[in-house]
There are 4 protein chains.
Amino acid sequence: MSRNKIEESLRSEKKMSIIQCAIGVFAEKGFYSAKMQDIAEAAMIGKGTIYEYFSTKEELFLAVYDYWMDDYEMAMEQAVESHLDPVSKADALIDTTVNFYEKHAEYASILLEFWAHALRSKDDHFLDRIRSMKKKLELIGKEVTQQMQKLKLFKSVDSASFSVLELGISDGIFLQWILDGKSYSLREAYKFRQSVIGSGLMMPALRLLVADKIEKKLKKGFLSSNQS
Amino acid sequence: MSRNKIEESLRSEKKMSIIQCAIGVFAEKGFYSAKMQDIAEAAMIGKGTIYEYFSTKEELFLAVYDYWMDDYEMAMEQAVESHLDPVSKADALIDTTVNFYEKHAEYASILLEFWAHALRSKDDHFLDRIRSMKKKLELIGKEVTQQMQKLKLFKSVDSASFSVLELGISDGIFLQWILDGKSYSLREAYKFRQSVIGSGLMMPALRLLVADKIEKKLKKGFLSSNQS
Amino acid sequence: MSRNKIEESLRSEKKMSIIQCAIGVFAEKGFYSAKMQDIAEAAMIGKGTIYEYFSTKEELFLAVYDYWMDDYEMAMEQAVESHLDPVSKADALIDTTVNFYEKHAEYASILLEFWAHALRSKDDHFLDRIRSMKKKLELIGKEVTQQMQKLKLFKSVDSASFSVLELGISDGIFLQWILDGKSYSLREAYKFRQSVIGSGLMMPALRLLVADKIEKKLKKGFLSSNQS
Amino acid sequence: MSRNKIEESLRSEKKMSIIQCAIGVFAEKGFYSAKMQDIAEAAMIGKGTIYEYFSTKEELFLAVYDYWMDDYEMAMEQAVESHLDPVSKADALIDTTVNFYEKHAEYASILLEFWAHALRSKDDHFLDRIRSMKKKLELIGKEVTQQMQKLKLFKSVDSASFSVLELGISDGIFLQWILDGKSYSLREAYKFRQSVIGSGLMMPALRLLVADKIEKKLKKGFLSSNQS
DNA sequence: AATGAATGAGCTTTCATTCAT
DNA sequence: TATGAATGAAAGCTCATTCAT
């Protein structure tokens with residue numbers, strides 16, 4: 001590695017370290033209440049040093065979101081690529097999402113605040129970032145849905161609409177779970193959701209096959225804490 | 001009305017007026033960027049006067065949320081009470097929700113910010129308020145679901161879980177709709193959701209009855225702008 | 001006086017009070033080293049209060065200069081108006097200038113800094129203010145010169161150029177006096193200047209009349225401290 | 001040259017190079033707004049390197065002024081030495097001054113700022129430097145004046161006072177010229193000044209000799225742009 | 001000797017809150 | 001009761017200076 005490359009890499013590493021510390025502070029205090037001082041202290045560096053890497057607090061906030069979403073996107077892409085049949089893909093996607101959300105549950109408030117920020121900001125930068133990620137996820141969902149249809153597993157459904165809906169549902173469940181104080185299993189909630197929706201879209205042949213399992217799941221719900 | 005009662009009522013009216021003005025300012029600028037001065041100007045009163053009614057900015061913010069949620073709760077309760085059969089009730093609930101969300105779309109960022117605030121606040125006041133509202137809505141949803149089951153319209157499903165799920169889905173769809181720049185009809189998205197989910201929970205008898213309509217809806221999706 | 005008028009007047013008075021305190025602080029520390037805190041303390045008000053009257057530090061600085069120059073301009077105008085013959089007018093102008101400069105000697109550094117600021121500022125506001133004052137003074141000087149010529153006291157001289165020159169000389173003498181640590185009498189320096197220049201412009205008739213006095217003045221200079 | 005001498009000389013050269021770059025930056029931005037970074041960039045060296053040569057920003061500022069004044073002093077000394085008769089000397093001095101000022105017109109704001117700085121500084125260093133230069137120039141002026149008197153060209157006048165006056169006038173004209181946006185010829189202004197003052201101090205014999213030329217100059221002034 | 005990443009004191013400005021009227 | 005002038009704590013950001021390399 002050349003001298004420049006090493007320096008570049010060191011710089012990048014330091015940036016990451018600041019971002020990681022910032023996540024914690026932003027999550028705990030929120031964008032406005034988080035002080036640059038706090039973040040500097042968390043990263044055990046001087047206040048001025050942050051500004052060597054991010055020119056404003058807002059830019060750091062955006063970087064935090066980016067860092068996060070890149071992580072999520074990559075995981076989702078990998079999930080879909082590492083399976084062949086659409087059913088496994090769908091399962092893997094849900095699994096990845098649940099893992100991601102469980103891992104970052106404590107940072108949910110950043111997500112909300114970021115969305116709020118984006119909706120209000122004159123600068124489209126924030127909204128664009130959100131939408132680009134949504135587009136990517138929608139595409140993945142759409143493809144899996146279409147494969148399901150091709151294999152006659154799913155009824156004929158507008159795959160784009162369904163994919164958008166799924167994304168909304170996914171965020172919505174996560175949000176409720178957080179607001180409900182994580183009092184039930186997020187994974188079970190997702191599975192319950194899958195039972196309800198899958199049950200609605202499956203072709204009769206498939207439905208009969210898994211009817212029993214679905215029925216049990218629906219009856220059981222996801223609120224009882226002793227999950228099998 | 002006694003002298004005191006009149007005064008009390010006047011006071012309450014003024015409070016409402018401040019809250020209503022605050023909603024607009026909070027929505028446009030967000031909690032932190034909204035200045036008490038802005039709110040006072042919007043309400044055409046002096047800055048100090050706000051403090052006669054609310055002791056801090058945070059309290060006013062909470063009052064804004066309360067005012068809003070009371071409105072929503074009341075509308076939902078009325079919706080369910082003004083219909084007898086559970087299918088109409090369900091339709092009315094969806095209608096009310098869509099109406100409410102469409103009406104307050106521009107205030108979505110407050111909602112997000114409020115949730116973020118609640119998640120972070122040491123003071124459980126905020127979370128409690130959110131949960132009390134969710135409990136109420138969950139109850140409503142649970143009852144309707146149980147009635148559906150009693151009438152053999154719905155499969156056997158844990159009504160509490162389903163109700164919680166529905167709430168999450170509802171918020172999730174709204175959120176996506178907002179983040180997607182309201183580029184499609186929120187109502188159609190809700191109907192699509194209903195088709196997917198309904199299709200999964202309906203008893204075979206009912207399903208056959210509405211199969212055609214549902215099938216069409218699923219094929220069409222909700223993203224095309226020329227909705228019938 | 002109406003309620004509004006009174007308030008307006010109070011506001012104006014407070015503004016003046018802040019300006020007067022700011023003069024002292026700016027003079028002692030310079031624009032950059034003068035802290036708003038210092039000025040607030042000098043005025044015995046809160047730091048924030050200054051911003052009720054001046055929106056930026058720079059605006060306050062400009063106000064200080066304006067306040068000063070208005071004072072000077074008014075004094076000069078009054079000086080010229082309260083005399084009829086041009087010789088008395090010229091004497092009065094010099095007298096006024098000397099008085100003004102002696103009174104504000106300690107604030108000379110503000111003047112210099114203001115000029116430096118004006119020369120550099122992208123905003124022409126500062127330079128314009130300086131030039132408008134110079135224009136006014138040049139006009140006054142020009143008129144007096146022309147009257148001198150009309151009365152055959154002065155040789156034929158381009159009055160505009162002479163007026164500009166005089167202004168420069170005036171500032172220059174003041175500057176030297178300040179930089180020389182006020183080690184001689186500013187008044188005597190001005191008189192010496194008058195002798196040199198007057199001697200050069202006077203018509204022979206007048207010159208012969210005052211030759212003696214001028215000669216003495218020239219011989220004596222203005223550096224000896226025991227001024228008569 | 002010994003090893004040490006060479007190193008010393010290299011060091012000195014680098015110092016000069018930094019000073020020259022600093023002049024430009026200080027002139028454009030002023031002492032406070034000029035960043036050490038800017039100066040380092042202008043000199044194409046690292047920020048830290050400046051501190052190898054100057055221990056503080058203020059010291060560099062002083063060095064800039066010194067460098068400048070040394071330049072001016074040397075030019076003035078050379079001017080007076082390269083002529084024999086006092087009239088030529090006086091002309092050469094004016095010429096040198098005009099040249100110097102015209103060349104450094106854009107740096108006028110530094111001069112002003114430096115003076116302001118000097119007046120305020122607790123540290124007499126700055127004022128002393130100014131005064132030592134003034135002393136030198138006054139001495140030169142005094143000598144020339146005395147030679148003029150010896151040759152019976154000038155009336156009897158206190159040469160020290162006159163020299164101080166001249167210095168003030170010189171700076172004053174320069175200052176006006178700068179503040180007037182250099183809208184006329186500095187050289188013509190100096191000549192006009194010479195006509196006015198010379199006319200006042202010349203002995204009758206000399207005056208008659210140049211009366212015509214002076215009269216024309218006075219009538220013409222220096223504000224018309226088409227200078228002959 | 002030369003560098004520039006790191007630093008943190010210190011700045012202007014903002015704004016929720018108070019309180020005299 | 002209503003007000004808005006006054007306040008000062010607080011925070012983002014800057015930049016002269018240091019020092020390890």
Side-chain angles (χ1 to χ4, degrees), chain A residues 3 7 10-11 14 18 31-41 43-60, chain B residues 7 10-11 14 18 31-41 43-61, chain C residues 3 7 10-11 14 18 31-41 43-60, chain D residues 7 10-11 14 18 31-41 43-61:
Chain A
R3 179 68 171 277
E7 267 169 18
L10 268 171
R11 197 180 156 74
K14 195 121 198 183
I18 293 174
F31 179 72
Y32 281 97
S33 297
K35 315 301 169 214
M36 292 307 262
Q37 182 66 267
D38 297 334
I39 295 168
E41 267 163 30
M44 289 189 298
I45 56 175
K47 198 167 17 130
T49 308
I50 299 177
Y51 287 89
E52 296 284 322
Y53 297 87
F54 304 93
S55 58
T56 62
K57 192 184 181 187
E58 214 180 38
E59 194 184 305
L60 175 58
Chain B
E7 268 171 13
L10 271 172
R11 196 177 156 76
K14 190 129 195 184
I18 293 174
F31 179 70
Y32 280 95
S33 297
K35 324 274 171 258
M36 292 304 263
Q37 180 67 264
D38 297 335
I39 295 168
E41 266 163 30
M44 290 189 299
I45 56 174
K47 212 178 347 152
T49 309
I50 299 177
Y51 287 87
E52 296 289 323
Y53 297 88
F54 305 94
S55 61
T56 63
K57 193 184 180 187
E58 212 180 38
E59 195 184 304
L60 175 56
F61 190 49
Chain C
R3 179 69 171 277
E7 268 169 16
L10 269 172
R11 194 179 158 74
K14 195 121 197 183
I18 294 174
F31 178 71
Y32 281 97
S33 297
K35 315 300 170 215
M36 292 305 263
Q37 182 67 266
D38 297 333
I39 295 169
E41 267 163 28
M44 290 189 300
I45 57 176
K47 205 166 7 129
T49 308
I50 300 177
Y51 287 88
E52 296 284 323
Y53 296 87
F54 304 94
S55 58
T56 63
K57 193 184 180 186
E58 214 179 36
E59 194 184 303
L60 175 57
Chain D
E7 270 172 11
L10 270 173
R11 195 178 156 73
K14 190 129 196 181
I18 293 174
F31 178 72
Y32 280 95
S33 297
K35 323 272 171 264
M36 292 304 263
Q37 180 67 266
D38 297 335
I39 295 168
E41 266 163 32
M44 290 189 299
I45 56 175
K47 210 175 353 149
T49 310
I50 299 178
Y51 287 86
E52 297 289 323
Y53 297 88
F54 305 94
S55 60
T56 63
K57 193 184 180 188
E58 211 179 37
E59 194 184 304
L60 175 56
F61 190 49

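Just the heavy atoms: all of them, side chains too, but no hydrogens, waters or symmetry mates, feed the values below. Every value quoted in this text rests on a predicted model; they were computed, and no experiment measured them. Chain naming here is simple, since letters A, B, ... match the order of the sequence lines and numbering starts at 1 in each.
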To the nearest angstrom, how far is [X] atom [atom1] from [N] atom [atom2]?
{"X": "C:Ile39", "N": "E:dT12", "atom1": "CD1", "atom2": "P", "value": "8 Å"}
{"X": "A:Glu41", "N": "F:dA11", "atom1": "CD", "atom2": "P", "value": "12 Å"}
{"X": "B:Ile50", "N": "F:dT3", "atom1": "CD1", "atom2": "P", "value": "10 Å"}
{"X": "B:Glu59", "N": "E:dA16", "atom1": "CD", "atom2": "P", "value": "15 Å"}
{"X": "A:Ile45", "N": "E:dT7", "atom1": "CD1", "atom2": "C1'", "value": "10 Å"}
{"X": "B:Glu52", "N": "F:dT3", "atom1": "CD", "atom2": "P", "value": "9 Å"}
{"X": "C:Asp38", "N": "E:dC11", "atom1": "CG", "atom2": "C1'", "value": "11 Å"}
{"X": "C:Leu10", "N": "E:dA20", "atom1": "CG", "atom2": "C1'", "value": "14 Å"}

Parallel, tilted or perpendicular, judged at 30° and 60°: which one describes the rings of D:Phe61 and D:Phe31?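 Tilted, since the angle between the ring planes falls between 30° and 60°.
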Under a 4.5 Å cut-off applied to non-hydrogen side-chain atoms, are C:Ile39 and C:Lys47 in contact?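 With C-beta onward as the side chain, the pair stays apart.
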Answer yes if the side chains of A:Thr56 and A:Tyr51 hold a donor-acceptor pair under 3.5 Å, and no otherwise.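 Side-chain D/A pair, A:Thr56 to A:Tyr51: absent.
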Between A:Lys57 (side chain only) and A:Phe54 (backbone N and O only), is there a donor and an acceptor less than 3.5 Å apart?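 Checked: no pair found.
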Which one, [options], comes nearest to the side chain of [X]?
{"X": "B:Lys57", "options": "F:dC13, E:dA16, F:dA2", "value": "E:dA16"}
{"X": "B:Thr49", "options": "F:dT3, E:dT7, E:dT3", "value": "F:dT3"}
{"X": "A:Lys35", "options": "F:dA11, E:dA1, F:dT3", "value": "F:dA11"}

Upstream residue (5' side of DNA chain F) when B:Gly48 and A:Ser33 are each assigned their closest nucleotide: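 Residue closer to the 5' terminus by nearest nucleotide: B:Gly48.
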Is any side-chain N or O of D:Lys47 under 3.5 Å from a base N or O of F:dT17, one able to act as donor and the other as acceptor?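 Pair found.
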What does [N] pair with, Watson-Crick or G-U, if both distances are under 3.5 Å?
{"N": "E:dG10", "result": "F:dC13"}
{"N": "F:dT21", "result": "E:dA2"}
{"N": "E:dC15", "result": "F:dG8"}

Testing the basics here: between D:Ser55 and D:Glu59, what is the closest heavy-atom pair and its distance to 0.1 Å?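 Minimum heavy-atom contact is OG-OE1, 2.6 Å.
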Closest nucleotide of DNA chain E for C:Tyr32 versus for D:Gly46: which of these residues is on the 5' side?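 The answer here is D:Gly46.
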Mapping C:Met36 and D:Tyr53 to their closest nucleotides on DNA chain E, which lands nearer the 5' end?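 Result: D:Tyr53.
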Looking for any heavy atom pair under 4.0 Å, which part of the strands does A:Ala34 touch: base, sugar-phosphate only, or nothing?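 Sugar-phosphate contact only - A:Ala34 comes under 4.0 Å of backbone atoms but never of a base.
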Answer with base, sugar-phosphate or nothing: what part of the nucleic acid does B:Thr56 contact at a heavy-atom distance below 4.0 Å?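 Sugar-phosphate only.
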